Amino acid sequence: MCLSTVYKNEMTDSAVVMKNVMRIECKDGCVILTDLMERQLIIRGVLESANLVDGFVIVKTKSAMEAEAKAKAENKVEENENQAAEAVA
């Protein structure tokens with residue numbers, strides 16, 4: 001039997017959301033976790049990675065994805081401004 005510990009966004013002790021997870025379902029933008037005691041936890045986000053040999057799963061939450069997208073967009077704007085400045089110089 002493969003059981004996993006599920007982390008939110010990063011693999012740190014403070015990011016553990018559920019242990020002894022036996023089933024993971026992805027449905028409608030949510031990750032549904034079920035542990036050995038049949039307790040369920042629903043997280044809005046996506047499955048980022050799973051290592052079933054080492055028994056860990058990382059779920060990226062919707063808020064983390066939005067923050068990442070915003071940072072990428074800001075980076076792109078900065079790159080474009082730098083390219084425009086170089087073209088003028």
Side-chain angles (χ1 to χ4, degrees):
M1 183 183 305
C2 291
L3 300 174
S4 295
T5 299
V6 177
Y7 298 87
K8 182 170 58 172
N9 300 320
E10 61 185 359
M11 206 168 111
T12 63
D13 290 340
S14 63
V16 173
V17 292
M18 185 178 267
K19 293 184 177 185
N20 298 317
V21 173
M22 65 175 191
R23 184 172 43 247
I24 301 171
E25 298 175 62
C26 297
K27 192 182 289 186
D28 300 326
C30 294
V31 179
I32 305 165
L33 310 171
T34 306
D35 72 3
L36 271 176
M37 302 301 289
E38 295 288 329
R39 293 176 292 211
Q40 285 195 331
L41 177 65
I42 299 172
I43 302 172
R44 289 182 52 178
V46 296
L47 185 64
E48 182 174 78
S49 66
N51 185 323
L52 301 181
V53 173
D54 292 332
F56 70 85
V57 174
I58 300 174
V59 175
K60 184 171 274 192
T61 61
K62 184 178 180 186
S63 59
M65 291 185 295
E66 289 169 349
E68 188 176 279
K70 183 179 177 183
K72 284 182 181 178
E74 289 171 355
N75 246 359
K76 189 70 173 171
V77 168
E78 187 176 307
E79 286 176 16
N80 289 342
E81 289 173 349
N82 288 342
Q83 288 175 351
E86 288 174 4
V88 171

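None of these values were measured; they are calculated from a predicted model.
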Point-to-point distance, once rounded to the nearest 0.5 Å, from CG of Leu47 to SG of Cys26: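 It is 5.0 Å, given to the nearest 0.5 Å.
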Gap between atom NZ of Lys62 and atom SG of Cys30 - 0.5 Å precision: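 Reported value, rounded in 0.5 Å steps: 9.0 Å.
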Remaining members of the apolar cluster that contains Val46, side-chain heavy atoms under 4.5 Å: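 Val46 clusters with Met65.
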Asn51 side chain vs Val53 backbone, donor-acceptor pair below 3.5 Å: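 The answer is yes, because a donor-acceptor pair under 3.5 Å joins these two groups.
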Under 3.5 Å, sequence neighbours excluded: what are the donor-acceptor pairs made by side chains of residues 38-45?
residue: Arg39; atom: NE; partner: Asp35; partner atom: OD2; Å: 2.8
residue: Arg39; atom: NH2; partner: Asp35; partner atom: OD2; Å: 2.7
residue: Gln40; atom: NE2; partner: Thr34; partner atom: OG1; Å: 3.2

Flag side-chain contact, heavy atom, 4.5 Å: Leu36 against Leu3: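 Touching, per the 4.5 Å side-chain cut-off.
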Test item: Arg23 and Glu25 side chains (from C-beta on) under 4.5 Å apart, heavy atoms: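 Arg23 vs Glu25: side chains touch.
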Under 3.5 Å donor-acceptor pairs involving side-chain atoms of residues 8-22, not counting sequence neighbours:
residue: Asn9; atom: OD1; partner: Thr61; partner atom: N; Å: 2.8
residue: Asn9; atom: OD1; partner: Thr61; partner atom: OG1; Å: 3.3
residue: Asn9; atom: ND2; partner: Thr61; partner atom: OG1; Å: 3.2
residue: Thr12; atom: OG1; partner: Ser14; partner atom: OG; Å: 3.4
residue: Thr12; atom: OG1; partner: Ala15; partner atom: N; Å: 3.4

Other residues, nucleotides, ligands: >12 heavy atoms within 6.0 Å of Asp28 CG: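 For Asp28, atom CG is not crowded (no more than 12 foreign heavy atoms under 6.0 Å).
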Shared hydrophobic cluster for Ile24 and Ile58 (ILVMFWY, side-chain gaps under 4.5 Å):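 Hydrophobic grouping puts Ile24 apart from Ile58.
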Joint hydrophobic cluster, Val57 plus Val31, side-chain heavy atoms closer than 4.5 Å: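 Same cluster: Val57 reaches Val31 through Ile, Leu, Val, Met, Phe, Trp or Tyr contacts under 4.5 Å.
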